[in-house]
Each structure stands twice: as C-alpha cells, then as structure tokens.
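Structure, as structure tokens:
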Amino acid sequence: MCGIVAYVGPKDAAPILLEGLQRLEYRGYDSAGLAVVNGKTLKTRKVKGRVADLAAAMPARFKGGLGIGHTRWATHGVPSDLNAHPHVDADERIAVVHNGIIENAAELRRKLEADGVVFASETDTEVLAHLIARTADETSSLEDAVRLALKSVVGTYGIAVVDAQRPGEVVVARNGSPIVLGIGEKEMFAASDVAALIRYTRQVVHLEDGELAVLKADGFHTFTSDAMETAKEPFTVDWEAGHYDTGGYEHYLLKEISEQPETVARTLSGRVDDRFHIAHLGGLNMDARETRSFRRVKIIGCGSAYYSGQIGAQLIEELARIPADAEPASEFRYRSPVVEPDTLYVAISQSGETYDTLAAVQELKRKGGRVIGIVNAVGSAIAREVDGGVYLHAGPEVSVASTKAFTSTAVAFALLALHLGRVRDLSPADGRRICEGLRRLPDQIEQILKLDEQIKALAQSYANAPGMMFVGRVRGYPVAREGAQKLKEISYVHAEAYPASELKHGPLALISPELPTVAIVPDDELLDKNLTTLGEIRARSGRILMIGHRSAEQADDCIVIPKNEVELDPILLTIPLQLFAYHAAVALARDVDKPRNLAKSVTVE
Ligand code: F6R
C-alpha cells in the first residue's frame with residue numbers, strides 16, 4: 001500500500017528512485033513523485049498516474065545524490081498531481097514521503113492553519129512536512145526534528161524525509177508501516193519493501209515500530225523515539241532481482257501461476273519425512289509434548305490468505321482431529337477475542353505486513369496467546385512478531401492478486417495438519433498416504449497448467465456474463481470462495497461464492513440462463529450430493545462449468561484435473577480457477593497485475 005524509496009550516495013538519485021518505484025508500483029499506482037537535493041536546492045516532480053508517467057515527465061537535468069520517491073494508493077484526497085508525494089513545507093526545504101494514515105491530521109492541520117500555514121494538498125502527509133520544518137528551525141539535526149515532530153503525531157507511518165539545508169542525509173521512521181534499509185558500497189537505500197532494493201544490495205535491515213534511522217552515504221544509525229541508540233544486525237535477502245521480472249510472460253500473474261510446480265516443491269522441500277511419515281517443521285519451535293497440548297486451532301488472515309486458512313482448518317480437523325476454524329484477521333482484532341491458553345493461533349500472510357493481521361497477532365500476544373505464522377516474506381513484521389512458523393519459500397509475489405502464495409499456504413497447512421496429526425492419532429499408514437500425496441502435487445500442478453488452452457477458451461466464453469456464482473461443498477467451499485475472489489478482483493465480473501448446500505436456502509432464486517455457475521465437484525464422498533445440486537441449477541436453465549475429476553452430464557462444460565488424496569484435492573482444484581480468472585481478465589482487457597482500486601500489501605487499517 002504505497003511505496004517508498006530513498007537514496008543517498010555518490011550517484012544521481014533520480015534514476016535509482018524511478019527504478020525502485022517501478023519495482024514498488026504493485027503496492028500503489030494512482031500517482032507517483034520524487035524529490036532530490038542538489039547543493040542546497042530541493043527539486044520535486046510528481047504526477048497523477050503511473051511511474052511511467054512520472055518518468056516521462058522528468059526534465060533532462062534532475063541532478064542530486066540524495067532523494068526520496070513515492071508511488072501512491074490514495075487514502076486522504078483523490079489521486080492528483082497536488083496530492084501526490086513528496087510533500088514539502090512552505091519554504092520548499094523539507095520533503096516527506098509517507099505510507100500509512102495520520103489519524104490526528106485534521107487537528108494538526110487546524111493548528112498549523114491557525115498559525116498561518118497554507119496547505120497545498122488535501123493529504124494527511126502534508127502536515128508532517130510543515131511540522132518537521134517548524135521543528136527543524138529549533139533543532140540542531142534533522143533526526144531530532146523528525147523525532148520530535150513525530151511526538152505530536154497519532155497514526156501509522158513509514159516515512160522518509162530530506163532537508164535541503166542538511167544535504168547528505170535522509171531520515172526514515174517506522175510506526176506500523178514497513179521501512180527497510182539497504183546497505184550498499186558507500187551508498188545507502190531505504191524502501192518500504194526489499195523489492196526496491198534488490199537490484200542494488202541484498203544486505204538489509206528492518207526497522208521496528210517506533211524506530212528511526214539516519215542514512216548517510218557511509219552508513220546509518222538507528223534509534224528510538226526517545227533518542228536511545230538501537231543495535232541492528234543486517235541480514236542477507238535470498239530473493240534475486242530476476243524474481244521481480246516478468247520472465248518473458250505477458251503478466252506477472254501468469255508467471256506466478258506457472259511457477260507453482262516449483263514453488264510448491266520449495267514449500268515441501270526438506271519437510272516431508274518418508275521414513276516416519278511426518279512433517280519436519282523446525283521453525284515452529286515446539287516439541288512433541290507441546291504440539292500435543294493444543295485443543296483447538298484458530299487461523300487468522302485477510303482476503304485470499306483467509307480463504308487458504310479455511311482450507312487449512314479443514315485439513316487440520318480431518319488429519320489431526322482438532323477443532324479448527326478460520327476468521328478474517330480484520331474482524332478478529334476488533335471483537336475483543338477470547339484468547340485461550342490451549343489454542344494454537346496461526347496467522348497467515350504472504351507479505352507479512354498486512355496491518356490487520358499484524359494488529360491481530362499483537363492483540364493475541366498481549367493476551368498471552370501462542371501464535372505461529374505462515375508467511376512468505378522472510379524477516380517481515382508478522383514473521384518477526386510470531387513465536388515461530390513456516391516460511392512458504394514461494395519467492396516474491398508481485399502481481400496484486402495472490403496465486404502462488406495461496407497455493408503454498410494451503411500446502412504449508414497440509415504439512416502442519418500432518419505434523420499435528422502424527423503426534424496424535426493419525427496412523428503411519430494415513431501419514432504415508434498424505435506424504436505421498438504431497439510429493440505428487442508439483443507434477444499434478446504441471447498437468448493442470450497444460451489445460452491452459454482449454455481454460456482460456458472457456459474463460460473467453462464466460463467472460464461477458466454479468467455475474468457468476470461459485471459453489472462448493474465442505475472441502476470445495478473455500479476453493480469456490482477463492483475462485484470468486486480471483487475472478488472479481490482482476491476481471492471485475494461480479495462473483496459470489498456459496499456453499500453448494502446453501503443454494504436452495506435462498507440464492508437459487510438468482511439462477512437463470514444469464515448467471516452461470518462454477519461448481520467445484522471433487523470425487524469425494526460428497527460427489528452425489530454435488531451432482532444433485534448441479535441438477536437443481538440445470539433445472540433452472542443455469543449454465544454450469546464444473547471443476548472436478550470427471551465429466552458430468554449435468555454440467556455444460558467440465559475442466560477435469562488429476563486426483564490426489566481427498567484431503568489434498570482443494571490445493572489442486574484452485575489452480576484452474578486462477579487460470580480461468582486470468583484469461584477472463586485478459587479477454588476483458590483489464591489491467592491484470594494492477595487491478596483498479598487495489599494494491600498489494602494492505603498496510604493501513
Ligand atoms: C487477493 C489478495 C488479498 C490478500 C490479502 C492478504 O488475491 O491478494 O486478498 O490475500 O490482502 O495479504 P497478505 O497475504 O499479504 O497478508
């Protein structure tokens with residue numbers, strides 16, 4: 001949600017900032033801007049639109065070895081040139097870029113206006129520029145000016161600040177919105193996401209909430225809001241610059257869908273024990289006795305992460321026979337949840353930065369809950385906050401819609417369910433069945449990807465429907481939810497998911513030749529029940545696309561995929577739905593990787 005990048009060093013900042021912003025554009029893309037300091041002059045350029053529009057608007061000469069840049073996802077004020085970041089004070093001395101929301105912006109603005117400050121934008125961020133400028137006059141350093149100004153600010157922020165009067169340094173601060181420092185050779189970087197840094201350095205340092213840093217070409221130091229120095233250990237990021245390219249695919253989304261045989265293999269790598277038919281999940285930091293002690297599992301995450309959590313809850317109940325359920329973290333955190341000592345809490349997040357999920361984890365920890373994470377981004381805020389967990393190793397996910405991380409999360413849940421099951425009553429024979437099933441997944445995904453042409457033709461023939469219904473029963477229901485989510489977010493076709501069993505309790509009234517249904521019909525013990533539902537839809541002249549392991553006369557079209565163990569089938573059933581949504585979105589000429597109104601990593605409330 002919005003992207004920040006900052007540079008200080010011997011090179012010209014602008015090209016580095018533009019390159020970084022391009023890498024971050026998936027986090028927000030309604031306007032972009034940058035500011036550089038040359039000598040003691042501050043120059044800014046900002047535009048409504050994409051980073052490419054900013055690049056096109058850059059003057060030929062925009063020199064300066066210190067700078068900050070931003071790509072925006074609007075919260076306060078419409079997308080416009082004026083509301084784009086950086087924001088500056090009246091003397092154009094201080095420039096600020098900001099991710100997050102300043103909750104007391106209106107009050108601060110009133111006070112500043114009463115003192116004669118004239119605002120140029122409608123944003124909450126601009127108050128920061130004016131506040132810091134005022135404090136800068138009274139303090140001997142920019143770091144103190146920023147630190148003291150932030151004392152009157154309530155809200156969340158990741159910020160980067162430069163001062164034309166103090167060239168050679170940039171100050172960054174974090175409170176609820178990520179900031180990561182990149183350490184180069186006689187140059188320093190900062191960004192809201194390692195994606196912007198990876199082309200220049202793999203040595204990074206994550207700031208914690210309440211921490212600030214001063215970056216100069218020859219190094220950095222970090223400190224708290226009370227000016228106490230903090231010690232930081234850099235760590236090496238193992239994602240490579242190539243992970244952030246489309247790799248010859250037309251879209252990141254298609255690339256990420258196609259990567260799934262390898263990404264699932266990486267999630268499984270070293271974790272399936274064929275000798276004892278168990279899962280090795282060393283990152284949980286739990287011995288067998290503790291693993292046995294939980295009487296319930298509660299899973300939290302947002303959006304697609306939550307749907308993968310629903311698949312996880314089903315897997316845990318089936319394989320470990322522990323009551324498990326999933327809930328949106330965005331709801332959980334607001335309802336003063338009852339936190340039980342014998343419940344294992346599992347937080348899911350691809351980015352590891354989703355604010356609602358992070359806040360839910362923090363609430364759980366305040367109440368003494370035992371929280372583990374299933375996270376993709378190594379070293380991210382949620383990964384640092386939890387007591388242990390499972391990394392997905394799916395590599396960076398750039399397209400806004402989640403695909404490979406969704407699948408890898410479901411796979412990680414299968415491993416967790418196996419682990420929890422085998423210290424309880426899951427027999428070695430069943431453990432072996434699941435281990436073998438897990439090992440078959442990468443090849444089976446490969447086979448599903450080969451259905452691309454068939455799925456593309458089907459997507460093209462359904463894409464113009466005014467809406468679509470997705471139905472599934474028990475294991476199939478979270479799959480239906482994720483299928484509807486993918487379709488609506490990237491194609492903007494209205495899509496609704498229902499448990500197949502609930503159709504007759506109301507939504508059947510919607511069924512007509514104009515509203516097609518995608519039905520998830522695995523070959524499991526509920527097959528006959530599902531086929532009966534298809535019959536009911538057909539009797540109302542509803543068109544049906546069935547996803548399953550065989551064709552059925554009740555359906556107009558069928559996508560037949562390889563079968564695994566019934567418990568693991570939901571992992572595979574989602575893949576054709578990803579391709580279906582992708583091709584529908586392409587057929588409708590949507591901006592597949594950057595759907596309207598959305599952004600990757602929702603780091604605001
Ligand atoms: C949907 C999608 C979102 C995310 C959600 C959580 O395709 O990408 O629904 O799943 O915003 O994001 P993470 O997993 O980063 O916490």
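Just so you know, ligand 1 is whichever comes first in the structure, and atom 1 is the first atom listed for that ligand.
Classification of the Tyr462-Phe580 ring pair by plane angle, with boundaries at 30° and 60°, yields perpendicular. Classified by interplanar angle (parallel below 30°, tilted 30° to 60°, perpendicular above 60°), the ring pair Tyr157/His98 is tilted.
Nearest to atom 5 (C) of ligand 1 among the protein's heavy atoms is Cys302 O, 3.3 Å. In terms of protein heavy-atom proximity, atom 11 (O) of ligand 1 is closest to Val602 CG2, 4.2 Å. Nearest protein neighbour of atom 12 (O) of ligand 1, counting heavy atoms only, is Thr354 OG1, 3.4 Å. Of the protein's non-hydrogen atoms, the one nearest atom 7 (O) of ligand 1 is Glu489 OE2, 2.5 Å.
A donor-acceptor contact shorter than 3.5 Å links the side chain of Asn285 to the backbone of Asp387.
Across the listed options Pro595, Ser402, Ser351, Ser351 owns the non-hydrogen atom lying nearest to atom 15 (O) of ligand 1. If you check each of Ser380, Gly352, Ser304 against atom 10 (O) of ligand 1, the one with the closest non-hydrogen atom is Ser304.
Taking the side chain as every heavy atom from C-beta outward, Gln485 and Tyr307 approach each other to under 4.5 Å.
Counting atoms of ligand 1 from 1 in the listed order, those under 4.0 Å from a heavy atom of Ala401 are 7 (O). Counting atoms of ligand 1 from 1 in the listed order, those under 4.0 Å from a heavy atom of Ala305 are 10 (O), 14 (O). Taking every heavy atom of Gln485 and a limit of under 4.0 angstrom, the matching atoms of ligand 1 come to 1 (C), 9 (O). Interface atoms of ligand 1 facing Gln350, defined by a heavy-atom separation under 4.0 Å, are 13 (P), 14 (O), 15 (O), 16 (O). Per-residue contacts place Gly303 under 4.0 angstrom from the following atoms of ligand 1 (heavy atoms of the residue considered): 9 (O).
Note on Arg596 versus Asp30: no salt bridge recorded, every NZ/NE/NH1/NH2 to OD/OE distance being 4.0 Å or above. Ion pairing of Lys298 with Glu327 is present here, as a side-chain N (NZ or NE/NH1/NH2) and a carboxylate O approach within less than 4.0 Å. Residues Arg333 and Glu363 are not paired through a salt bridge, judged by the lack of any N-O separation under 4.0 Å between the basic side chain and the carboxylate.
Open room surrounds NZ on Lys456; 12 or fewer heavy atoms of other groups in view lie less than 6.0 Å from it. Within 6.0 Å of CD on Glu502 lie more than 12 heavy atoms contributed by other residues, nucleotides or ligands.
Under a 4.0 Å heavy-atom criterion, Lys486 is in contact with ligand 1. The closest approach between any non-hydrogen atom of Val400 and ligand 1 is below 4.0 Å.
Between Thr357 and ligand 1, no N or O atom pair is found at a separation short of 3.5 Å.
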